[in-house]
Student: 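Supplied in structure tokens, the structure appears directly below.
Naming: A, B, ... by sequence-line order, numbering from 1 per chain.
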Amino acid sequence: MGGVMESKDKYELVSELARRRGFFWPALEIYGGVSGFICYGPLGVIMKEKIIKKFRDIFIRPLRALEIDSPVIMPEKVFEASGHLEHFKEPMVECLKCGRKFRADHLLEEAGVLDAEKLGLDEIMAELEARAIRCPECGGEFGKPSYFTTMFSTTIGPYSDAVGYGRPEAAQGIFVEFKRLYEQARKKLPFGVVQIGRALRNEISPRQGPIRLREFTIIDYEFFFDPEDPSCPRLPEVEDEVLRLLPKEVRLKGSEEPVEVTVREALDKGYIMMEWMAYFMALAKRFLEELGVPGDKQRFIEKLEWERAHYSVQGYDQEVWTDRWGWVEVSGHNYRTDYDLGRHMKWSGVDLTAFKEFKEPKKVMELVVKPNVEAIKEDFGEEAPEVLKALSKADKAELARSVEEEGSVKLGSYELSRKHMIISKVERTVKGKHFVPHVIEPSFGLDRLVYITLEYAYTVKDGRVVLRLPRDIAPVQVAVLPLLSRDGLPEKAREVYELLLSEGFDVEYDESGSIGRRYARCDEIGIPIAITVDHRTLEDGTVTLRDRDTWKQVRTPIKELPSLLYAFFKKRLEFDQLGKPL
RNA sequence: GCGGCCGUGGUCUAGCCUGGCCUAGGACUCGGGCCUCCCGAGCCCGCAACCCGGGUUCAAAUCCCGGCGGCCGCACCA
């Protein structure tokens with residue numbers, strides 16, 4: 001983009017339409033608005049629901065994944081464990097003279113400090129002083145550096161000082177509730193858990209309308225599997241799907257040219273580490289196609305080491321081409337390993353492992369060390385209980401080795417010899433083992449999906465806007481229009497309207513203005529089918545159906561509408577099959 | 001957060017430079033009515049705006065300052 005803006009870009013056209021027709025608009029306009037917050041209107045809400053339904057159809061139901069809805073606010077400890085507190089912050093310094101704020105690590109890096117990101121506040125302070133760094137704007141001195149956390153913080157309870165944060169992703173809710181979810185999955189791996197809900201990020205400077213929000217809806221999908229059995233049995237469903245990948249090997253060569261490979265090839269060539277990740281990426285591609293984004297307007301770009309989130313060992317972003325911003329991320333696919341469960345286990349002290357039975361119970365030889373209480377009492381007298389305690393805590397293998405090789409062992413200040421214990425080897429059968437499941441996470445930004453669906457649906461035909469939303473995403477499915485507002489046509493049209501309503505369709509009735517104007521309005525909000533009631537309807541009970549995209553019409557008996565329309569919206573029938581052409 | 005540009009009904013805009021003639025004009029949309037019509041037709045009526053706050057002035061949409069918001073660039077986007 002350069003020079004003068006010659007005309008409105010699609011973002012402008014789409015947001016204007018969205019505002020005017022009630023898909024979404026900037027929130028809080030009467031108070032001047034606050035950037036990073038939007039309000040969904042009547043059409044937007046329904047569209048969002050339909051996108052979620054589609055997500056469920058593709059990602060959740062076939063895999064029998066579990067869906068939950070957990071709190072948005074969680075206590076500080078959760079985010080200590082998750083690593084967000086540590087990583088979701090930036091060191092800032094404020095100029096004492098002019099009050100401007102700067103990223104402290106960036107100032108240091110400009111001054112030649114390597115890895116300034118890793119420094120603590122004291123070290124940053126020291127470096128700033130050592131290098132006599134002054135305000136780049138006014139030359140003033142800096143105050144003490146402090147952290148700016150990009151999580152929203154609050155206190156839990158009115159007089160409490162218990163710090164809580166708004167979750168920056170819905171994923172943590174899933175990890176935190178893992179124990180029960182594992183129970184509900186009947187302790188069988190692999191299984192997926194999904195959470196669709198609001199997340200909060202206090203972005204420094206959000207712009208780009210629904211693309212970057214401070215409060216947004218995220219779809220987090222945590223798929224748990226056994227790292228020793230990472231194969232995806234559903235892979236055959238997608239292995240021939242072609243993905244446009246920009247793996248790190250290619251990126252590091254400085255290329256922006258994606259390689260086109262099938263899912264199978266991507267795995268064989270090592271572009272994608274895990275089968276489940278490849279599987280979800282393929283579903284993600286199909287999902288976006290269903291929302292109207294052709295495959296060649298999508299790509300997957302691998303995040304480089306330093307671009308990845310702290311919990312990720314491999315990550316691909318699914319990007320979609322937008323008119324205004326070029327490639328925009330719509331989903332992230334990360335291999336989170338056992339990072340989250342492992343950390344929550346450590347911080348909470350609760351066992352979050354899964355258990356698997358071996359095919360054959362294994363026989364293992366186990367060392368058993370029994371104290372010889374008599375001998376210990378005899379030699380240590382009053383201190384015997386302490387000795388027993390130390391003995392029970394000691395590492396058995398080390399104990400046995402020491403006694404075996406040196407004849408004695410030191411436990412703290414006590415020296416014990418062979419006679420103080422009875423060491424034996426016992427054969428035990430072990431049925432299985434505990435392990436921390438690994439996680440593949442596909443994660444979608446729902447607001448971006450809504451926007452992108454609208455952008456790809458936006459077309460102009462004969463100077464009129466036609467919103468070609470996929471028929472199962474369109475918020476209004478059918479419009480019922482009397483040709484004239486007299487001669488009993490409105491009454492008949494209302495009957496048709498009520499019929500379709502009772503059959504569960506999203507219907508709208510409109511008798512205002514000329515028929516052409518009404519068709520145009522329907523096109524603009526993407527209603528796939530407009531039904532017109534005319535004089536002939538009164539004679540033979542037939543109506544005309546008008547196709548949004550071609551403006552072609554067919555005539556059909558009212559009686560058959562419910563079943564025909566049902567099939568049409570299920571994509572089992574095409575428009576031409578809905579009646580006789582006019 | 002920084003810099004540049006900008007902020008008039010639901011939308012697009014006239015007016016701002018050069019303060020008063022602004023009771024803020026138009027078009028579209030929207031609501032009501034007429035017309036009765038298969039692709040934004042026509043006619044009548046109506047709803048509806050100077051981003052917020054302060055200042056200058058006899059007088060501010062117009063000039064000045066601050067805030068908020070938008071766009072673009074920088075930074076940020078874990």
Student: Could you give the distance separating B:rG73 and B:rG26 at their P atoms, to the nearest angstrom?
Tutor: 38 Å
Student: Taking the P atom in each of B:rU18 and B:rG9, what is the distance between them to the nearest angstrom?
Tutor: 25 Å
Student: Find which nucleotide of RNA chain B each of A:Ser512 and A:Met151 is nearest to by heavy atoms, and output the residue with the more 5' nucleotide.
Tutor: A:Ser512
Student: Under 4.0 Å between any heavy atoms, over every strand shown, what does A:Ser35 touch: base, sugar-phosphate, or nothing? Just pick one.
Tutor: sugar-phosphate
Student: Out of B:rC39, B:rC38, B:rU11, which has the shortest distance to the side chain of A:Arg20?
Tutor: B:rU11
Student: Could you please name the option among B:rC38, B:rC30, B:rU36 that lies closest to any side-chain atom of A:Tyr519?
Tutor: B:rC38
Student: Rounded to the nearest angstrom, tell me the gap between atom CD1 in A:Ile211 and atom P in B:rC71.
Tutor: 12 Å
Student: What integer number of Å spans the P atoms of B:rC71 and B:rG31?
Tutor: 30 Å
Student: Is it true that A:His333 and A:Ser331 share a donor-acceptor pair across their side chains at a distance under 3.5 Å?
Tutor: yes
Student: On RNA chain B, compare the nucleotides closest to A:Tyr11 and A:Thr150; which residue's is nearer the 5' end?
Tutor: A:Tyr11
Student: Would you classify A:Arg308 as touching base, sugar-phosphate or nothing, given that sugar-phosphate means primed atoms plus P, OP1 and OP2, and contacts are heavy atoms under 4.0 Å?
Tutor: sugar-phosphate
Student: With a 4.0 Å cut-off, would you call A:Asp9 and A:Arg324 a salt bridge?
Tutor: yes
Student: Any chance the rings of A:Tyr271 and A:Tyr316 have centres within less than 6.0 Å?
Tutor: no
Student: Between B:rG40, B:rU11, B:rC38, which nucleotide has the shortest distance from any of its atoms to the side chain of A:Thr544?
Tutor: B:rC38
Student: Whole Å only: how far is the NE2 atom of A:His87 from the P atom of B:rC76?
Tutor: 18 Å
Student: Quiz question: going by heavy-atom distance under 3.5 Å, is there a donor-acceptor pair between the base of B:rU36 and the side chain of A:Ser514?
Tutor: no
Student: What's the gap between B:rC17 and B:rC64 when it is taken at their P atoms, as a whole Å value?
Tutor: 9 Å
Student: Side-chain N or O of A:Arg517 versus OP1/OP2 of B:rA41: is the shortest distance under 4.0 Å?
Tutor: yes
Student: Contact class for A:Asp462 vs. all strands (heavy atom < 4.0 Å): base, sugar-phosphate, or nothing?
Tutor: nothing
Student: Give the nucleotide from the list B:rU11, B:rG70, B:rC39 with an atom nearest to the side chain of A:Trp551.
Tutor: B:rC39
Student: Let's test this: given Watson-Crick or G-U wobble pairing with both distances under 3.5 Å, identify the partner of B:rG1.
Tutor: B:rC74
Student: Rounding to a whole Å, what distance do you find between A:Arg486:CZ and B:rC35:P?
Tutor: 8 Å
Student: Determine, using ring centers only, whether A:His344 and A:Phe178 are less than 6.0 Å apart.
Tutor: no
Student: Please state the C1' separation for the pair B:rA59 and B:rC68 - nearest whole angstrom.
Tutor: 28 Å
Student: Does A:Lys346 NZ have over 12 foreign heavy atoms under 6.0 Å away?
Tutor: no
Student: So, applying side-chain contact (heavy atoms from CB on, under 4.5 Å) with A:Phe152, which one of A:Arg214, A:Arg167, A:Arg201, A:Glu215 is it?
Tutor: A:Arg214
Student: Rounded to whole Å, please give me the gap between CD in A:Glu511 and C1' in B:rG32.
Tutor: 12 Å
Student: What is the separation between atom CZ on A:Arg464 and atom C1' on B:rC39, rounded to the nearest whole Å?
Tutor: 5 Å
Student: For A:Glu329, which contact category applies under a 4.0 Å heavy-atom criterion: base, sugar-phosphate, or nothing?
Tutor: nothing
Student: Write down the partner of B:rC43 under the Watson-Crick or G-U wobble criteria, each distance required to be under 3.5 Å.
Tutor: B:rG33
Student: Across the strands shown, which category fits A:Leu483 at heavy-atom distances under 4.0 angstrom: base, sugar-phosphate, nothing?
Tutor: base
Student: With the side chain of A:Arg324 defined as its heavy atoms from C-beta on, choose the nearest nucleotide among B:rC72, B:rG40, B:rC37.
Tutor: B:rC72
Student: Ignoring hydrogens and angles, does a donor from either the side chain of A:Arg212 or the base of B:rC76 sit under 3.5 Å from an acceptor on the other?
Tutor: yes
Student: From the set B:rU11, B:rU36, B:rC39, return the single nucleotide nearest to any side-chain atom of A:Arg546.
Tutor: B:rC39
Student: In whole Å, measure the gap between the P atoms of B:rC22 and B:rC39 for me.
Tutor: 43 Å
Student: Is it true that A:Lys492 and A:Glu495 make a salt bridge, defined as a side-chain N closer than 4.0 Å to a carboxylate O?
Tutor: yes
Student: Work out how far the C1' atom of B:rU62 is from that of B:rU8, and round it to whole angstrom.
Tutor: 11 Å
Student: For A:Asp523 and B:rC39, what is the distance between atoms CG and P respectively, to the nearest whole Å?
Tutor: 13 Å
Student: Can you tell me the base-pairing partner of B:rA24? Count Watson-Crick or G-U wobble geometry only, both distances below 3.5 Å, and say none if there is no partner.
Tutor: none
Student: Do A:Thr532 and A:Tyr519 have a side chain donor and acceptor closer than 3.5 Å?
Tutor: yes
Student: Say you pick atom P in B:rC44 and the same atom in B:rG19; how far apart are they, in whole Å?
Tutor: 38 Å
Student: B:rU36 P sits how many Å from A:His535 NE2, rounded?
Tutor: 11 Å
Student: Using purine N1 to pyrimidine N3 plus N6-O4 or O6-N4 for Watson-Crick, or N1-O2 and O6-N3 for G-U wobble, each under 3.5 Å, what pairs with B:rC63?
Tutor: B:rG55
Student: So, does A:Arg518 get its side chain near the phosphate of B:rC38, meaning an N or O under 4.0 Å from OP1 or OP2?
Tutor: no
Student: Checking base pairs now: Watson-Crick or wobble, both atom distances under 3.5 Å. What partners B:rG69?
Tutor: B:rC6
Student: Once you round it to whole Å, what is the distance between C1' of B:rC39 and CG of A:Asp547?
Tutor: 14 Å
